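Here's the structure we're looking at; comments come further down.
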Amino acid sequence: MNREADAMHALRRSILFAAASICPLFGQDPTPDTALQFDVAIIKPTADRTLPGLIVHLPGESGYRGANMALMNYFTVALQVRTDQISGPDWLISEYFDMEGKAGRSCTADELHLMLQHLLEERFQIKMHRETKQIAGYNLVVDSGGPKLADHDPEDRLMLPIQPGPGGSRQGKNVSMQYLAFYLSQELGQTVVDQTGLKGHYDFNAKWGYDGPMMVVREPPTPGSPGADDLPVAPPVDATVFESLRKQLGLRLDKAKVPTQKIVIDHIEKLTGN
């Protein structure tokens, strides 16, 4: 499998399994506060590549558990960027790891991101820097008719904000607009910046893109292998997302030059222990 195909597969896995984080840290310093660390943390090469790949929060928002995920996927969660925004060695998308990090207390999404970032930085001896450029993307804004979003119950802190369903449906729970912008940037492959001015967390039901049966993301078969040509391939998100945002959520995507960060990994070492 070539690097581009690997990267696209890694991106799809990130969208489906790592969408349990709420607030993207586009302005986050690449050297995290070392005081924010998991109390107990293990990261090791994946032993069983047949298991489903996932990254999820532990009960009570007390940490992360990951299984059968490329190192690149952990980066996208910790740094809240797309795979194409990370520049590093090829093995970021070819070597897979299991991890579990326990904080010993309930944490915010921001804290969990920083803890995961620090874990990766420590175990892989990472040094990195950010580069910011103005490139073509989108501003997420409120449409002329106003937002069509329900306020989320502040007592409910469950962090599973956008869940895919049949027929291209999306159920949003506890969604900040900053997170929605990040989610849309993953789907569109271009940076989306929140300019709505909406500071709360919201619930919604919407539908866009793929209008077919639910599909489970699996490791692609080797080209030419039996059944390789028979597997369904989800088409890219198309213009339906723009219309759906306006009609169903009262939001709009405006083309704009937006700041986009590139994470450049200057130094990284292979894992030597837990």
Side-chain angles (χ1 to χ4, degrees), residues 7-26 54-55 76-77 80-85 109 135-153 156 158-217 232-260:
M8 288 304 297
H9 181 57
L11 176 58
R12 289 195 295 271
R13 291 165 70 100
S14 290
I15 292 171
L16 290 177
F17 299 118
S21 303
I22 288 181
C23 182
L25 304 178
F26 288 108
L54 54 82
I55 304 174
T76 62
V77 174
Q80 292 288 276
V81 295
R82 302 186 308 275
T83 56
D84 63 288
Q85 292 176 263
I135 66 171
Y138 297 95
N139 283 327
L140 178 66
V141 301
V142 175
D143 200 23
S144 57
K148 302 174 183 178
L149 304 163
D151 290 331
H152 183 74
D153 180 359
D156 178 11
L158 185 64
M159 297 180 186
L160 292 173
I162 300 179
Q163 298 296 303
S169 63
R170 270 80 169 174
Q171 183 182 50
K173 292 284 188 182
N174 201 5
V175 181
S176 71
M177 292 299 97
Q178 196 176 14
Y179 176 81
L180 179 59
F182 169 67
Y183 182 91
L184 291 170
S185 75
Q186 292 275 29
E187 293 219 324
L188 296 172
Q190 290 183 272
T191 298
V192 178
V193 176
D194 171 33
Q195 296 289 351
T196 62
L198 301 175
K199 303 303 183 184
H201 287 220
Y202 306 94
D203 299 339
F204 62 80
N205 287 291
K207 178 179 178 180
W208 65 74
Y210 182 57
D211 190 10
M214 285 287 289
M215 291 188 294
V216 176
V217 176
V233 177
V237 175
D238 55 22
T240 61
V241 67
F242 298 94
E243 181 180 1
S244 295
L245 285 172
R246 297 186 71 171
K247 290 185 176 180
Q248 300 172 37
L249 303 184
L251 304 174
R252 190 176 73 244
L253 288 171
D254 289 344
K255 289 184 177 180
K257 289 286 188 179
V258 295
T260 299

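Every value quoted in this text rests on a predicted model; they were computed, and no experiment measured them.
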[X] and [Y]: which non-hydrogen atoms are nearest, and at how many Å?
| X | Y | answer |
| --- | --- | --- |
| V193 | A181 | C-CB, 4.2 Å |
| W208 | L184 | CZ2-CD2, 4.0 Å |
| V81 | F182 | N-CE1, 3.7 Å |
| S244 | K207 | OG-O, 2.7 Å |
| P259 | T191 | O-CG2, 3.9 Å |
| D84 | R82 | OD1-NE, 2.9 Å |

Distance in Å, [X] [atom1] paired with [Y] [atom2], rounded so as to fall on 0.5 Å steps:
| X | Y | atom1 | atom2 | value |
| --- | --- | --- | --- | --- |
| K173 | H152 | NZ | NE2 | 7.5 Å |
| D143 | R246 | CG | CZ | 4.5 Å |
| Q178 | Q80 | CD | CD | 9.0 Å |
| L251 | L180 | CG | CG | 6.5 Å |
| F204 | R170 | CZ | CZ | 9.5 Å |
| I162 | Y179 | CD1 | OH | 5.0 Å |

Keeping K255 on the side-chain end and A136 on the backbone end, is there a donor-acceptor pair under 3.5 Å? no
Which residues satisfy the salt bridge (charged side-chain N to carboxylate O under 4.0 Å, His left out) test with K257, sequence neighbours excluded? none
Quick one: salt bridge (charged side-chain N to carboxylate O under 4.0 Å, His left out) partners of D254, sequence neighbours excluded? R252
Please enumerate all residues that pass side-chain contact (heavy atoms from CB on, under 4.5 Å) together with A256, with sequence neighbours excluded. N139, V258
Qualifying residues under side-chain contact (heavy atoms from CB on, under 4.5 Å), relative to N205, sequence neighbours excluded: Q171
Got a sec, which residues hit ring pair (Phe, Tyr, Trp, His ring centres under 6.0 Å) with Y138, two or more places apart in sequence or on another chain? F242
Tell me the salt bridge (Lys or Arg N to Asp or Glu O under 4.0 Å) pairs involving residues 193-203, sequence neighbours left out? none
